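Heads up: numbering here begins at 1 and tracks the sequence. What you see is a predicted model; the values in this text were computed from it and never measured.
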Amino acid sequence: MTGDLLAARLRPYFGHTAAWSAARAAALGARGRELANPVRSRLAPATRAMSPLGWSVLAGSIGGWLVGWRSGWIELTLAAMVGLLLFVLCALLTIGRTRLRVEVRVDPNRVVTGDTAAGQVTVTNVAAHRLLPIAFELPIGAGAARFSLPRLAGGRSHQELLVIPTQRRGVIPVGPASSVRGDPFGLLRRTIAWTEVTEVLVHPVTVPLEPLGSGILRDLEGQTTNDISTSDLAFHTLRDYAPGDDRRYIHWRSSAKVAASVPGGTFLVRQFLDTRRSHVTVVIDTDPAAYPDPEHFEVAVSAGGSIALRSVRDEQDASLIVGTQVVPTGAGWLILDALARAEIGTGSLATLAPRGARAAPDTSLAVIITGAPVPFADLQRAAAHFPTEARRLALRVDPDQPVGVRSAGSLTLLTLQRLADLPALLAAAVGQ
């Protein structure tokens with residue numbers, strides 16, 4: 001009882017002391033972190049510059065010196081001192097402030113696959129003193145260009161010309177240009193980025209096509225055709241009145257002049273030309289299962305770009321749906337930029353076709369492009385998302401099947417082996 005009574009009396013005191021100690025420790029820890037943050041921020045560049053080999057040499061030298069000093073092992077102490085001296089000498093090669101102005105220019109930054117694109121790096125020493133030789137790196141896609149900057153007096157510049165590989169369609173990041181200071185042993189490496197990343201867009205190869213034809217929707221801003229119409233928006237000429245003509249289109253002033261000059265003259269009515277607006281929507285399947293060979297996907301991208309560009313040249317609306325990108329309607333360079341960024345594995349027809357129908361509800365010509373393994377039933381389901389009055393084409397890239405066109409209900413199926421077959425194939429399909 002005596003022990004329990006004593007514990008009960010001392011519990012409030014010790015509990016208060018424990019709480020005070022925890023609060024005090026937390027406060028001291030916060031204060032310590034506050035004092036250590038400036039030191040850590042100043043040491044961060046140095047720690048980032050150290051390679052794994054540099055950490056190993058530093059830690060081994062310090063540890064060897066401590067063990068050799070405590071045990072009296074002179075050889076180990078000397079080896080540790082040599083390691084520390086080597087580390088200090090290597091650190092001296094990386095210190096120093098560099099004042100540069102670096103410019104990276106790429107001309108042109110939009111090219112067709114296989115064309116030439118060149119880059120130029122201009123480095124200017126803006127400091128008053130002479131700059132010692134320094135290494136430079138410029139990442140280009142998956143690789144990097146490396147060159148050595150020679151001695152530069154204050155205010156002098158040095159230029160390096162680079163060739164950017166454009167054999168494959170895609171986006172090539174160029175940069176950032178970085179200066180590299182380090183030692184021959186690879187203990188420390190100090191890198192400073194001087195520029196931002198510049199993108200080079202490599203567009204797909206396209207082929208010229210014949211016009212895709214006029215649309216199906218009459219519109220004030222539509223394209224005039226050669227089809228004669230009795231009522232539309234584009235006035236063509238006047239003709240004699242015929243039984244059944246709408247009296248609203250009688251041109252009374254011209255009819256009065258004819259009646260006054262020609263006895264027994266007839267009425268004159270207005271003759272029009274059809275105006276139609278075309279909206280071409282191109283959907284490119286990016287499902288990896290649709291393309292046994294990645295080159296088949298490249299042919300599909302080039303075919304889609306050729307069709308979309310043809311509609312833009314015909315002053316028609318053009319929409320492109322490829323992967324996660326939707327270009328509702330725009331200039332040719334917008335379409336080509338989207339195709340340059342197209343990647344396989346970012347969508348299938350089950351999701352892309354509905355997205356295209358929502359982006360272009362007034363589609364007059366829908367072109368669905370995919371590979372050989374896609375079943376015909378999937379193509380029909382994808383085409384069903386577009387308006388019933390729209391023309392629907394399904395283009396399969398299949399090098400193992402003969403080039404041809406066949407109709408199945410409201411869907412026209414085109415089989416394409418290579419890009420060069422597209423002009424004749426599409427002309428036969430549109431002419432049906």
Side-chain angles (χ1 to χ4, degrees), residues 41-55 57-58 85-203 333 337 340-341:
S41 63
R42 289 183 176 273
L43 292 178
T47 56
R48 286 196 300 267
M50 293 177 61
S51 66
L53 179 60
W55 282 110
V57 171
L58 180 61
L85 180 61
L86 175 64
F87 186 86
V88 171
L89 292 177
C90 292
L92 292 177
L93 296 176
T94 61
I95 63 176
R97 178 174 297 180
T98 305
R99 298 179 60 190
L100 301 174
R101 183 173 66 249
V102 182
E103 298 178 354
V104 177
R105 295 183 179 179
V106 179
D107 186 32
N109 61 349
R110 288 181 173 89
V111 296
V112 179
T113 303
D115 287 354
T116 302
Q120 176 179 294
V121 183
T122 304
V123 184
T124 304
N125 180 17
V126 298
H129 58 274
R130 181 179 293 273
L131 177 69
L132 295 177
I134 187 173
F136 256 83
E137 289 185 356
L138 181 68
I140 302 177
R146 296 176 176 86
F147 60 92
S148 180
L149 189 67
R151 292 175 179 268
L152 281 181
R156 300 297 298 273
S157 299
H158 176 77
Q159 292 183 349
E160 287 284 339
L161 297 179
L162 308 168
V163 177
I164 300 174
T166 60
Q167 287 79 16
R168 298 289 297 178
R169 175 195 60 83
V171 180
I172 303 176
V174 179
S178 304
S179 60
V180 181
R181 286 183 177 271
D183 60 273
F185 304 100
L187 302 185
L188 293 97
R189 175 186 170 92
R190 182 186 173 195
T191 304
I192 302 176
W194 296 95
T195 63
E196 301 294 334
V197 177
T198 302
E199 289 186 340
V200 178
L201 299 175
V202 183
H203 294 163
W333 66 270
D337 284 357
R341 300 181 186 277

Given the rule in the side-chain contact (heavy atoms from CB on, under 4.5 Å) test, do L100 and V126 qualify, once you have shown the distances and angles that lead to the verdict?
CA-CA 5 Å; L100 301 174; V126 298; 5.7 Å; no

Side chains of E160 and Q120, heavy atoms from C-beta outward: is any pair under 4.5 Å?
no

How close do V197 and P176 get, heavy atom to heavy atom, and via which atoms?
CG2-CD, 3.8 Å

Set of side chain to side chain donor-acceptor pair (under 3.5 Å) partners for S148, sequence neighbours left out:
none

Does N125 use its side chain to pair, donor to acceptor, with the backbone of R156 at less than 3.5 Å?
no

If I take atom OG1 from residue T198 and atom CD1 from residue I140, how far apart are they, to the nearest 0.5 angstrom?
11.0 Å

Going by an N to O cut-off under 4.0 Å, is there a salt bridge joining E199 and R341?
yes

Contacts satisfying side chain to side chain donor-acceptor pair (under 3.5 Å) that involve residues 103-118 (not counting sequence neighbours) are R110-D337

Between the side chains of W194 and S178, is a donor N or O closer than 3.5 angstrom to an acceptor N or O?
no

Determine, step by step, whether R181 and I134 satisfy the side-chain contact (heavy atoms from CB on, under 4.5 Å) criterion, reporting the C-alpha distance in whole Å, the side-chain angles of both residues, the deciding distance to 0.1 Å, and the verdict.
CA-CA 7 Å; R181 286 183 177 271; I134 187 173; 3.9 Å; yes

What's the spacing between H203 NE2 and R169 CZ if we round to 0.5 Å?
10.5 Å

How close do G155 and T124 get, counting heavy atoms only, and between which atoms?
O-CG2, 4.2 Å

For the pair H158 and F147, name the ring-plane relationship: parallel under 30°, tilted 30 to 60°, perpendicular over 60°.
tilted

Can F136 and V123 be said to form a side-chain contact (heavy atoms from CB on, under 4.5 Å), step by step?
CA-CA 10 Å; F136 256 83; V123 184; 4.1 Å; yes

Looking at every non-hydrogen atom in both residues, tell me the closest pair between V202 and R168 and how far apart they are.
CG1-O, 3.3 Å

Nearest-0.5 Å distance, OG of residue S179 to CG of residue L149
9.0 Å

Nearest atoms (heavy-atom pairs only) where G175 meets L138:
CA-CD1, 3.6 Å

How close do P165 and Q167 get, heavy atom to heavy atom, and via which atoms?
CB-OE1, 3.3 Å

Can you see which heavy atom on I172 is nearest to which on G141, and at what distance?
CG2-N, 3.8 Å

